[in-house]
Colleague: 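Pasting in a structure now, in structure tokens, and then I'll have a few things to ask.
Every chain is numbered from 1, with letters handed out A, B, ... down the list of sequences. None of the values given here were measured: they were computed from a predicted structure.
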Number of protein chains: 2
Amino acid sequence: MTFEHSPLHLRYLGIDTYKESVVYMRKDCHICLAEGFEVHARVRVTLGERSIIATLNIIDSSILPPGKASLSEHAWCLLAAHEGDEIQVTHARPIHSLSFVRSKIYGNTLSEKEFSSIIKDITKGRYSDIHISSFLTACAGGRLDTQEIVSLTRTMVEAGDRLEWPSDIVVDKHCVGGLPGNRTTPILVSIVAAFGLTMPKTSSRAITSPAGTADTMEVLAPVKLDIATMQHIVQQEKGCIAWGGSVALSPADDILIRVEKALDLDSEGQLVASVLSKKIAAGSTHVLIDIPIGPTAKVRSTEMGNLLKEYLESVGNNLDIVVKVIFSDGTQPVGRGIGPALEARDIVSVLKNEAQAPQDLRERALLLAGQIIEFSPDIQKGKGLKIATEILDKGQAWDKFQRICKAQGGMRDIPKAPFTHICKAEKKGCVTHIDNREIARLAKLAGAPFAKVAGLDLHITLGSKVAQDTPLFTIHANSPGELDYALDYLNHNDEIITIQE
Amino acid sequence: MTFEHSPLHLRYLGIDTYKESVVYMRKDCHICLAEGFEVHARVRVTLGERSIIATLNIIDSSILPPGKASLSEHAWCLLAAHEGDEIQVTHARPIHSLSFVRSKIYGNTLSEKEFSSIIKDITKGRYSDIHISSFLTACAGGRLDTQEIVSLTRTMVEAGDRLEWPSDIVVDKHCVGGLPGNRTTPILVSIVAAFGLTMPKTSSRAITSPAGTADTMEVLAPVKLDIATMQHIVQQEKGCIAWGGSVALSPADDILIRVEKALDLDSEGQLVASVLSKKIAAGSTHVLIDIPIGPTAKVRSTEMGNLLKEYLESVGNNLDIVVKVIFSDGTQPVGRGIGPALEARDIVSVLKNEAQAPQDLRERALLLAGQIIEFSPDIQKGKGLKIATEILDKGQAWDKFQRICKAQGGMRDIPKAPFTHICKAEKKGCVTHIDNREIARLAKLAGAPFAKVAGLDLHITLGSKVAQDTPLFTIHANSPGELDYALDYLNHNDEIITIQE
């Protein structure tokens with residue numbers, strides 16, 4: 001159905017609503033009045049050949065002149081809009097797959113076809129946050145059986161791109177829930193690739209943490225690689241460390257994760273589908289999953305860890321991907337640096353076998369690399385760690401890492417922060433607690449991850465004995481303002497590192 | 001925790017996001033950078049003594065100058081903001097009651113204290129739409145037992161104002177899900193008040209329909225009455241027909257209903273809590289609930305009707321309110337006029353006992369009034385209809401209605417639309433189907449309810465025999481543009497009224 005009316009043209013207002021599509025129209029807009037649109041209605045916005053569903057916000061001020069409408073940044077990108085473009089706005093047709101969400105709410109088991117229909121609509125931006133929240137809630141609380149998680153995972157893979165590699169074994173690794181500074185990936189990829197297994201690693205940027213693997217790796221080499229470049233590098237070096245954002249692997253996952261975060265809801269089914277869909281789409285055949293367990297880590301109990309392990313292994317089995325789960329210590333940060341450049345320094349230090357390299361980071365990377373090496377059919381169980389250690393100790397990993405950086409566009413020098421401040425112990429004693437979440441927050445206040453040089457450098461670990469005025473950590477910042485801001489926060493929060501006499 | 005930084009001042013942008021609080025800040029805002037706020041974060045906005053939780057949208061254009069921030073209309077009202085006011089924006093503390101929502105997701109039964117904590121946070125605007133959607137979904141699909149619905153209803157009552165009346169019996173009536181034109185309220189209030197029962201009726205304006213009872217009543221008399229005025233009128237006349245928006249009865253309900261509509265989720269538990277919390281807050285002791293059943297009505301089957309009846313009666317019983325449920329025909333519109341002024345004309349015609357008054361509207365109003373009169377302990381079951389009919393036929397209801405209008409501020413003349421168009425049958429035959437939803441849409445396109453005179457006047461009912469060119473309905477509009485718009489829609493949609501030869 002179309003109506004004839006004077007056209008509506010776009011005016012750029014630059015309003016970022018994150019991943020929600022919003023269309024802004026004037027209160028007295030003839031189309032609003034005529035179509036009987038209500039504020040907050042879901043409407044169809046068409047620009048040329050493209051069409052999206054958006055939430056309507058009404059503007060009653062001069063920022064939008066008569067005859068003009070605007071779009072949120074996300075909608076502007078989806079429609080590839082330009083200033084002055086003509087748009088059509090009409091009522092959105094009902095979303096058929098919402099009836100499957102309602103069916104799930106009423107406790108029914110969904111078929112793969114039904115999940116597929118839901119995931120397709122989510123990927124195309126047809127669900128508002130309200131709809132996505134309802135879908136996630138209906139699937140949480142153990143309401144998905146193994147077969148449903150398998151279906152959900154497969155449909156999430158199919159909704160995006162899928163990488164292919166010319167090896168029989170393609171290995172990957174994932175860490176569930178972050179510990180600050182836990183940047184083992186560049187080290188273990190270098191070890192595993194030097195060993196000879198194919199490991200085309202795609203990593204994410206930070207969403208809520210002070211650094212993602214992609215942010216840290218970018219300090220050392222370019223990470224925005226297209227698929228052809230990745231394939232070329234992997235053919236040559238067996239491994240790479242690229243930013244996953246340039247390939248659309250399991251795009252529904254990115255949309256779901258955002259709403260899950262807002263709900264603070266860790267549903268086992270969604271977590272399993274999220275992790276495995278990314279790995280399968282990346283073309284992996286063997287995946288090692290590291291679950292750090294600790295009171296301020298994402299997974300807080302062995303019980304929850306075991307439940308996840310069971311789901312991950314059985315869903316992996318159903319989808320023809322080998323999944324191995326290990327638990328690790330999640331009680332404190334890993335390494336010394338927290339923030340892209342400081343973590344990059346630790347990585348290089350471990351790869352170069354420097355005497356002052358953080359041993360916890362080295363040991364973690366070796367443990368994981370050893371487990372991955374054991375995916376190789378030629379390697380006996382229990383022999384992986386020794387092989388990994390030899391590769392690192394002989395400098396083969398450092399050599400491989402340099403070659404990977406060169407292939408990705410050239411290795412870079414690590415920049416240093418112009419402003420630093422050493423924070424010292426106020427009393428003597430023993431370090432009994434380090435709050436992972438507060439440590440991460442302080443690093444972010446200092447400017448990480450946007451300022452690559454910003455973050456924290458820890459000088460102690462759990463159990464360290466300190467005297468009064470022993471340095472605990474150094475704050476690194478790119479500007480005096482950011483440094484002051486972190487210090488100001490510190491002055492108001494003294495529970496970050498606990499020292500007992 | 002507070003930081004020292006240069007203050008942020010408000011600039012009015014007039015962006016209406018409906019009931020969601022949004023704060024708009026510049027991309028380069030020092031507070032955004034320093035606090036590490038991400039787009040879409042939930043933040044605390046403080047203005048003087050008032051404080052709200054809002055969703056952050058980032059603006060990257062000149063509509064917001066440096067040092068300025070803005071608020072959505074809803075947030076602007078909640079904070080009673082003025083241009084140039086200084087605000088503080090800080091991280092929002094975690095919302096404790098969300099742990100109860102998660103508990104419900106995991107299938108636990110919630111206590112009244114837990115519901116109270118959730119409803120309090122919702123009423124204070126601390127939940128985003130994502131959180132509300134999750135709460136509604138977790139409670140849907142039959143996951144609330146009777147005791148939980150009782151708890152939810154009671155906490156919803158307690159979250160708002162509560163009216164009190166000096167009578168032992170205070171009657172009320174509610175219709176679940178609308179039929180266009182079903183405007184029995186002003187008629188039955190007049191009959192019941194003339195009989196002598198206390199009926200202080202508060203009604204809503206249209207949300208998605210072409211007219212709410214408050215919109216229609218406003219054609220005939222003022223409806224914005226404060227509580228003191230309502231009490232005075234009810235003392236004098238026993239009844240009134242006021243707009244419920246001027247009293248804050250069960251405010252959580254208004255917030256929940258908006259998200260329910262977006263989800264298109266009719267959860268029995270929420271529906272029962274919604275209806276009964278409003279009635280209990282209004283001080284009612286006896287409530288008649290009319291459930292129209294039909295294929296294009298809200299309740300589509302007797303089975304669903306019976307389930308609702310059972311819940312409504314048993315929850316009412318637990319909360320010391322007498323609830324009587326009746327089912328009625330929901331297959332077609334009621335009366336002739338659809339839209340405020342046309343419905344007002346039908347109401348007056350029935351009250352005046354005019355020969356051409358729509359008999360279906362008269363009969364429905366009498367049936368409901370009779371049932372309400374039987375709430376009186378002096379009246380035998382089955383005698384109510386006869387009493388109601390006598391009161392109407394003798395002109396006592398019309399007299400009472402005029403007195404109520406006078407008490408509410410003076411009776412008004414019904415305005416007429418300057419532009420009308422008669423739509424005629426294209427062929428002879430019998431009317432076999434009238435689509436309630438399409439009828440409502442056409443009336444809205446013609447301008448209802450904002451233009452009081454706009455809407456449709458139906459000339460046929462189900463079963464009417466028509467010749468070619470027999471008038472089916474007349475479209476009424478306040479402007480030629482709106483009339484054209486309705487006609488244009490009509491030309492593209494010929495399934496509104498079905499005629500079979």
Colleague: Using heavy-atom distances under 4.5 Å, tell me whether F135(B) contacts chain A through its side chain, its backbone, both, or neither.
Modeller: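 For F135(B), no heavy atom lies under 4.5 Å from chain A.
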
Colleague: Could you point out which residue of V259(A), L136(A), I132(A) forms a side chain to side chain contact (heavy atoms under 4.5 Å, CB included) with I130(B)?
Modeller: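 Filter result, single survivor: V259(A).
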
Colleague: Relative to chain A, which of L56(B), D60(B), L98(B) shows the most heavy atom pairs under 4.5 Å?
Modeller: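 Among L56(B), D60(B), L98(B), the one with the most close pairs to chain A is D60(B).
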
Colleague: So how far is it from T17(B) OG1 to I58(A) CD1, rounded to the nearest 0.5 Å?
Modeller: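 Spacing of OG1 (T17(B)) from CD1 (I58(A)) equals 11.0 Å.
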
Colleague: If you count heavy-atom pairs under 4.5 Å between each of A41(B), S134(B), S61(B) and chain A, which one has the most?
Modeller: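 Among the listed options, the one with the most contacts to chain A is S134(B).
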
Colleague: Among S62(A), A138(A), G141(A), which residue has the highest count of heavy-atom pairs closer than 4.5 Å to chain B?
Modeller: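 Answer, by heavy-atom pair count under 4.5 Å with chain B: G141(A).
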
Colleague: Given a strict heavy-atom distance threshold of 4.5 Å, which part of R258(B) is in contact with chain A: side chain, backbone, both, or neither?
Modeller: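 The answer is the side chain of R258(B).
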
Colleague: For Y106(A), does the OH atom sit with more than 12 other heavy atoms under 6.0 Å from it, leaving out its own atoms?
Modeller: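 Correct, the count exceeds 12.
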
Colleague: Among E73(B), H131(B), R102(B), which residue has the highest count of heavy-atom pairs closer than 4.5 Å to chain A?
Modeller: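 So the answer, after comparing E73(B), H131(B), R102(B), is R102(B).
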
Colleague: Quick one: of R143(B), K19(B), R42(B), K261(B), who has the most non-hydrogen atom pairs under 4.5 Å with chain A?
Modeller: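 The answer is R143(B).
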
Colleague: Between atom CD1 of I15(A) and atom OG of S70(B), what is the distance when rounded to the nearest 0.5 Å?
Modeller: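 These two atoms lie 9.0 Å from each other.
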
Colleague: Who are the salt bridge (Lys or Arg N to Asp or Glu O under 4.0 Å) partners of E303(B), not counting sequence neighbours?
Modeller: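 Checked E303(B) against salt bridge (Lys or Arg N to Asp or Glu O under 4.0 Å); zero matches.
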
Colleague: Kindly compute the distance separating OH (Y24(B)) from CG (D16(A)), expressed to the nearest 0.5 Å.
Modeller: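 Result: 11.5 Å between the selected atoms.
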
Colleague: Determine whether V22(B) and N57(A) make a side-chain contact, defined as any pair of heavy atoms from C-beta on separated by less than 4.5 Å.
Modeller: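 Side chain of V22(B) against side chain of N57(A), heavy atoms only: no contact under 4.5 Å found.
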
Colleague: Of all the heavy-atom pairs spanning I105(B) and A140(A), show the shortest one and how long it is.
Modeller: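 Minimum heavy-atom separation between I105(B) and A140(A): CG2-CB, 3.6 Å.
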
Colleague: Applying side chain to side chain contact (heavy atoms under 4.5 Å, CB included), run through L13(B) and I59(A) and close with a yes or a no.
Modeller: CA-CA 8 Å; L13(B) 292 180; I59(A) 292 195; over 6 Å; no

